Amino acid sequence: MLFLHSLPTFFLYLSFLDIFCVDATYTLVDNFSGPSLLTGFNFRTAADPTHGFVRYLSQSSAQSQGLLTVSSTTVKLGVDSTNKAPNGRASIRLESKKLYNRGLFMLDLTHMPASTCGTWPSFWTWGAERDWPLNGEIGIHTTPRNAMSLHTSPNCTISSTPSTSLGRIVTTNCDINAAGQTSNAGCGIESPSTSSLGTPFNAGGGGVYAMEWTTSGIKIWQWARADVPDGVRAGGASLDTSMWGTPQAGFLGGDCDFDRHFLNHQIVIDTTFCGDWAGALWGANAECTAKAASCNDYVANNPSAFAESYWTINSLKVYKQ
Ligand SMILES: *[C@@H]1O[C@H](CO)[C@@H](O)[C@H](O)[C@H]1NC(C)=O
Ligand SMILES: *[C@@H]1O[C@H](CO)[C@@H](O)[C@H](O)[C@H]1NC(C)=O
């Protein structure tokens with residue numbers, strides 16, 4: 001150490017080494033698009049683990065009810081927006097067949113569910129259900145703002161330093177039972193603006209979400225179509241995340257063994273209603289509470305409110321270092 005302090009050139013050498021050692025280059029391993037998305041994923045029909053007011057449909061039911069549309073290049077995942085739904089609104093939840101450890105996950109969309117009272121659309125990954133949250137959860141919940149969060153067992157925290165994220169760091173303890181945080185909050189970062197979400201996001205042709213999961217942390221970027229970096233736009237066989245700048249959410253720098261807390265994750269894309277998240281937020285939103293007595297009432301009785309609650313997915317690509 002003494003040696004280092006007296007030798008600035010050595011410092012320089014070290015920081016060059018650092019740059020070359022931080023491997024941010026990735027190679028495509030899974031390229032799900034159009035029909036291949038459906039072969040890589042299961043349609044969950046079991047009850048919603050987040051307790052939503054929802055009925056998840058099988059692939060054949062979703063197709064016959066017009067909620068699933070597949071072309072050679074896109075997959076549209078909708079919800080029932082024509083029928084009253086006293087037992088929960090029909091929707092789709094895709095769960096990847098493969099499990100992942102670390103990697104870069106790129107979701108390219110032309111449409112995401114618009115922000116509507118009672119909806120809770122998410123793109124996320126999580127460890128085995130029966131052990132939750134032992135193997136962790138990484139969530140991007142797109143309403144009413146992008147709320148990005150990690151959910152773990154005890155002993156995983158992130159830095160509260162704003163320089164790691166463009167978004168606002170709301171909570172820093174990823175433990176779902178952390179003292180001083182709302183139960184189940186985990187560590188959370190909120191997107192800096194609502195403009196690249198829902199209606200404006202869709203009007204601009206959608207965009208791309210990127211989630212990078214490494215041994216040292218998790219970063220999430222989000223770009224509206226016009227701002228998608230060139231390399232990402234080209235959708236190539238390799239990507240370099242070091243070119244992308246500060247992420248919207250950087251879950252970094254605290255005290256967390258990411259390899260222990262995040263294990264064997266399944267990728268999930270779903271739209272649910274009310275339940276643990278949207279149901280809990282209902283009472284705090286005057287615009288929503290003015291519409292109905294409860295979240296479930298609103299979702300059951302206002303099918304046309306959910307006409308824009310669909311995902312149109314161009315591709316989901318997974319890259320590994
Ligand atoms: C968390 O850390 C404490 C203190 O080191 C330890 O006693 C406890 O077993 C840990 N809990 C988990 C779930 O790792
Ligand atoms: C990914 O799959 C799509 C659709 O099958 C294809 O057009 C595209 O070239 C693939 N991308 C790469 C990098 O292989």
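Heavy-atom basis, side chains included; hydrogens, waters and symmetry copies ignored. Read the numbers this way: they start at 1 and go in the same order the structure lists the ligands and their atoms. All of these numbers come straight from a predicted model, not from anything done at the bench.
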Exercise for review: Answer yes when Arg55 and Asp48 have at least one side-chain N-carboxylate O distance shorter than 4.0 Å, and no when they do not.
Suggested key: no
Exercise for review: Answer yes when Asp30 and Lys98 have at least one side-chain N-carboxylate O distance shorter than 4.0 Å, and no when they do not.
Suggested key: yes
Check your understanding: At the 4.0 Å heavy-atom cut-off, does Arg260 count as touching ligand 1?
Key -> yes
Look at the SG atom of [X] and the SG atom of [Y], then say if they are under 2.5 Å from each other.
X	Y	result
Cys274	Cys295	yes
Cys156	Cys187	no
Cys117	Cys288	yes

Review point. Is at least one protein non-hydrogen atom found at under 4.0 angstrom from atom 11 (N) of ligand 2?
Key: yes
Review point. Does some non-hydrogen atom of the protein lie less than 4.0 angstrom from atom 2 (O) of ligand 2?
Key: yes
Point to revise | Closest candidate by heavy atom, reference atom 6 (C) of ligand 2, pool Asp30, Asn31, Thr73 | key: Asn31
Check your understanding: Does the separation of the ring centres of Tyr209 and Phe105 fall below 6.0 angstrom?
Key -> no
Exercise for review: Could you tell me whether Ser33 and ligand 2 have an N or O pair separated by under 3.5 Å?
Suggested key: no
Revision key, fill the gap. protein heavy-atom neighbour closest to atom 13 (C) of ligand 2 works out as Gly235 O, 3.4 Å
Study note, to complete from the structure: For atom 5 (O) of ligand 1, the closest protein heavy atom turns out to be Asn155 ND2, 4.7 Å
Review point. Of all the atoms in ligand 2, which lie at a distance below 4.0 Å from a heavy atom belonging to Leu28?
Key: 12 (C), 13 (C), 14 (O)
